Student: 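This is the structure I have questions about; it appears just below.
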Amino acid sequence: MIEYLPHVNATLNSLAAVLLVMGYVLIRRQRESAHKKFMVSAFGVSTLFLISYVVYHANAGSRPFPRDDYALAFAIVYYAILVTHVILAALVPFLAGGTIVLGLLDRRRAHRKLARWTFPIWLYVSATGVLVYLMLYWMFLPKAT
C-alpha cells in the first residue's frame with residue numbers, strides 16, 4: 001500500500017488547492033458560511049496529506065530526481081521548485097492554523113491580514129506539491145539502463 005501514497009498525496013494536494021480557490025471565490029462573493037466550510041475542509045485535507053506524507057517517507061524514504069538522465073536545466077528547475085516548496089510548506093500549518101483560528105474567533109481584521117499571506121503561500125505549496133509529484137512520477141522517470 002505504501003507505493004500508492006505518492007498518488008494519494010498528489011490527489012490530496014490537488015483537492016486542497018481546489019478547496020482553497022473555491023473558498024477564496026466564495027469570500028469574494030461574500031458567502032461567508034460557505035467560505036468557512038471550504039477553508040476548514042482545505043485544512044482537513046491538508047492535514048490528511050501531511051499524515052500520509054509522513055507515513056510514506058517514514059517507510060519508503062525519498063525518491064531522488066534522476067539528474068544523470070536529464071539535462072542540468074531540468075534538475076535546476078526541479079530543485080528550485082522543491083526548495084521553495086519545502087521552505088514554505090514548513091510555514092503552512094502555522095499560517096493556516098492561525099488564520100483559521102482567527103476566523104473562527106471572529107477576529108475579522110486579524111484574520112484578513114494573515115489570510116493575505118496564508119492564501120498565496122498555501123496555494124503555492126499545494127500546487128508545487130502536485131508539480132513535484134508530476135516531475136518525479138510522470139515526467140522525469142529514470143531511464144532504463
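Keep in mind that this is a model prediction, so the values were computed, not measured. We use all heavy atoms of the structure for the numbers below, so side chains are in, but hydrogens, waters and symmetry mates are not.
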Student: I'd like to know if I100 and V45 are part of one continuous hydrophobic network [Ile/Leu/Val/Met/Phe/Trp/Tyr, side-chain heavy atoms within less than 4.5 Å].
Tutor: no
Student: Which pairs of donor and acceptor atoms, one on a side chain in residues 11-27, lie under 3.5 Å apart (sequence neighbours left out)?
Tutor:
unit_1: T11; atom_1: OG1; unit_2: H7; atom_2: O; d: 2.9
unit_1: S14; atom_1: OG; unit_2: A10; atom_2: O; d: 2.9

Student: Which residues pass the side chain to side chain donor-acceptor pair (under 3.5 Å) test with D68, not counting sequence neighbours?
Tutor: none
Student: Hydrophobic clustering (ILVMFWY, side-chain heavy atoms < 4.5 Å, transitive) - are I87 and W117 grouped together?
Tutor: no
Student: I'd like to check the side-chain contact (heavy atoms from CB on, under 4.5 Å) partners of L88; sequence neighbours left out, ordered by chain and number.
Tutor: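 L88 satisfies side-chain contact (heavy atoms from CB on, under 4.5 Å) with L91, I121, Y124, V125 only.
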Student: Mind checking what makes salt bridge (Lys or Arg N to Asp or Glu O under 4.0 Å) contact with R108, not counting sequence neighbours?
Tutor: E32, D106
Student: Applying side-chain hydrogen bond (donor to acceptor under 3.5 Å, both in side chains), which residue pairs with at least one partner in residues 35-58 are found, sequence neighbours left out?
Tutor: N9-S52, S46-W122, Y56-Y137
Student: Say you draw a straight line from CZ of F38 to CZ of R31; how long is it, rounded to the nearest 0.5 Å?
Tutor: 8.0 Å
Student: Per the ring pair (Phe, Tyr, Trp, His ring centres under 6.0 Å) rule, what does the pair list look like for residues 78-112, sequence neighbours excluded?
Tutor: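 Qualifying pairs: F65-Y78.
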Student: Once you round to the nearest 0.5 Å, how far does CG of L82 lie from CE of M135?
Tutor: 9.5 Å
Student: To the nearest 0.5 Å, what is the distance between OG1 (T118) and CZ (R112)?
Tutor: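 Between T118 OG1 and R112 CZ, I get 14.0 Å after rounding to 0.5 Å.
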Student: Clusters formed by hydrophobic residues whose side-chain heavy atoms approach within less than 4.5 Å: which one holds L72, and what are its other members?
Tutor: I76
Student: Would you please name every residue forming a ring-ring contact (aromatic ring centres under 6.0 Å, His included) with F43, sequence neighbours left out?
Tutor: none
Student: Can you get from Y4 to L136 by hopping between Ile, Leu, Val, Met, Phe, Trp and Tyr side chains that sit under 4.5 Å apart?
Tutor: no
Student: Evaluate the side-chain proximity of Y70 to K143: yes if any heavy-atom separation is below 4.5 Å, no if none is.
Tutor: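 Result yes, sub-4.5 Å side-chain heavy-atom pair found.
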Student: Could you measure the distance from the CZ atom of F140 to the CG atom of L134? Nearest 0.5 Å is fine.
Tutor: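 Answer rounded to 0.5 Å: 10.5 Å.
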Student: For P142, check side-chain contact (heavy atoms from CB on, under 4.5 Å) against everything at least two apart and list the hits.
Tutor: R63, P66, D69
Student: Would you say L95 ends up clustered with V101 if hydrophobic residues are merged whenever their side chains have heavy atoms under 4.5 Å apart, either directly or through other cluster members?
Tutor: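 No, it is not one cluster - the side chains of V101 and L95 are not joined through contacts under 4.5 Å.
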Student: Looking at CE of M139 and CG of L131, how far apart are the two atoms once the value is rounded to the nearest 0.5 Å?
Tutor: 7.0 Å
Student: More than 12 heavy atoms of other residues, nucleotides or ligands under 6.0 Å from CD of Q30: yes or no?
Tutor: no
